[in-house]
Engineer: 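A single structure is presented below for examination.
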Amino acid sequence: MLWLRRAVLSAFYPAYMVQIENDVYSQIGLVMLIGLAAKNAILIVEFAKEEYEKGKPLIDAALEGAKLRLRPILMTSFAFILGCVPLWIATGAGSVARQIMGTTVIGGMVAATAIAIFIIPALFVLVERLAKSRGAALGPSVPQPSPSEAD
């Protein structure tokens, strides 16, 4: 997103006036994003895992978790993005730092929302299938008594 903003601004301003760079402010913005994006992904997986443990098929459980969390994720994301618009359009002294942070956070939140909605449920299905096949390949961890030992 920083590159895109720099490219667009370079078309209208001389190069020395465009100071949108990947610096400490953009890295602070990325750290802010990690918490919110992780929270959304954890909640989708938590709801999907709960449905899967209730007996729903794996894909249906993943879709149900994504459906249940879609509205809260979108509401949280849009509120966060709209709250960062003043950073994105900042002017005055020190505005470049705020513009960089706002651009990073807005672009990252748009990407994190798309990832949370589309990729996290697919990764949940993939990881659960891998865990199930790996568990079957390793065999049971606790030896089961044979029917003759149970008597």
Side-chain angles (χ1 to χ4, degrees), residues 1-13 15 17-142:
M1 191 65 146
L2 288 172
W3 176 83
L4 183 65
R5 184 169 182 173
R6 185 174 49 238
V8 170
L9 288 177
S10 295
F12 299 105
Y13 297 108
M17 291 183 70
V18 180
Q19 301 173 4
I20 306 295
E21 300 292 332
N22 183 8
D23 60 3
V24 71
Y25 296 109
S26 65
Q27 292 169 7
I28 291 170
L30 290 174
V31 170
M32 279 194 323
L33 283 172
I34 290 171
L36 194 56
K39 179 189 74 83
N40 288 340
I42 288 169
L43 289 174
I44 288 175
V45 169
E46 181 182 344
F47 277 80
K49 183 85 170 162
E50 185 178 300
E51 292 294 318
Y52 182 56
E53 288 174 350
K54 286 180 183 176
K56 271 196 174 181
L58 184 59
I59 293 176
D60 292 342
L63 289 174
E64 186 67 24
K67 284 179 192 175
L68 286 173
R69 295 304 303 164
L70 177 65
R71 184 171 174 229
I73 286 173
L74 291 178
M75 288 171 53
T76 303
S77 299
F78 287 143
F80 189 73
I81 289 168
L82 291 174
C84 292
V85 168
L87 290 173
W88 190 61
I89 60 172
T91 59
S95 64
V96 173
R98 292 189 298 272
Q99 289 173 0
I100 290 171
M101 191 177 295
T103 302
T104 302
V105 170
I106 289 172
M109 199 65 230
V110 169
T113 302
I115 288 170
I117 292 171
F118 299 112
I119 296 176
I120 297 299
L123 283 175
F124 170 74
V125 170
L126 178 70
V127 169
E128 283 295 321
R129 284 184 179 166
L130 286 174
K132 189 175 183 181
S133 68
R134 187 160 175 93
L138 294 175
S141 59
V142 177

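Please read all numbers here as calculations on a predicted model, not as lab measurements.
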Engineer: What do you reckon, is OH of Y25 surrounded by more than 12 foreign heavy atoms closer than 6.0 Å?
Structural biologist: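 No - once you tally the heavy atoms of other residues, nucleotides and ligands closer than 6.0 Å, there are 12 at most.
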Engineer: What's the shortest heavy-atom distance between A116 and P121, and which atoms?
Structural biologist: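 Smallest heavy-atom distance, with atoms named: O-CD, 3.6 Å.
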Engineer: Return each pair, listed once, that meets side-chain hydrogen bond (donor to acceptor under 3.5 Å, both in side chains) where at least one residue sits in residues 26-43; pairs must be two or more places apart or across chains.
Structural biologist: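 Sorted result for residues 26-43: N22-S26.
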Engineer: How far apart are the C-alpha atoms of V127 and V45, what are their side-chain angles, what is the distance that settles it, and do they pass the side chain to side chain contact (heavy atoms under 4.5 Å, CB included) test?
Structural biologist: CA-CA 11 Å; V127 169; V45 169; over 6 Å; no
Engineer: Just so I know, are the side chains of I117 and L74 near enough to count as touching, which here means a heavy-atom distance under 4.5 Å?
Structural biologist: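 Of all side-chain heavy-atom pairs linking L74 with I117, at least one is under 4.5 Å.
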Engineer: At what distance, to the nearest 0.5 angstrom, does CG of L63 lie from NZ of K67?
Structural biologist: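 That separation rounds to 6.0 Å.
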Engineer: Which distance, rounded to the nearest 0.5 Å, do you find between the CD1 of I120 and the CD1 of I42?
Structural biologist: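 Here the rounded value is 10.0 Å.
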Engineer: For Q99 versus A90, what's the shortest heavy-atom pair and its separation?
Structural biologist: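 Closest approach of Q99 to A90: NE2-O, 2.6 Å.
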Engineer: So which heavy atom on C84 is nearest to which on V105, and how close?
Structural biologist: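 Shortest heavy-atom contact: SG-CG1, 3.5 Å.
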Engineer: Determine which pairs satisfy side-chain hydrogen bond (donor to acceptor under 3.5 Å, both in side chains) with at least one residue from residues 103-129, sequence neighbours left out, and list them in order.
Structural biologist: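 Sorted result for residues 103-129: R5-T103, K49-E128, S77-T113, W88-T103.
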Engineer: Please examine the side chains of D23 and I100, heavy atoms only from C-beta on, and report whether any two atoms are closer than 4.5 Å.
Structural biologist: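 In short, these two side chains touch, coming nearer than 4.5 Å.
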Engineer: Provide the closest heavy-atom pair for Y52 versus P57 in the form atom of the first, atom of the second, distance.
Structural biologist: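 Minimum heavy-atom separation between Y52 and P57: CD1-C, 4.3 Å.
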Engineer: Which heavy-atom pair separates G65 from F47 by the least distance, and what is that distance?
Structural biologist: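 Shortest heavy-atom separation between G65 and F47 comes out as CA-CB, 4.0 Å.
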Engineer: Taking side chain as C-beta onward, heavy atoms only, is L36 less than 4.5 Å from F80?
Structural biologist: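 Counting from C-beta outward, L36 and F80 do come under 4.5 Å.
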Engineer: Tell me the closest heavy-atom pair linking L33 and M109, and the distance in Å.
Structural biologist: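 Shortest heavy-atom separation between L33 and M109 comes out as CD2-N, 3.6 Å.
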Engineer: Would you check, one step at a time, whether the test side chain to side chain contact (heavy atoms under 4.5 Å, CB included) holds for I28 with M101?
Structural biologist: CA-CA 7 Å; I28 291 170; M101 191 177 295; 3.8 Å; yes
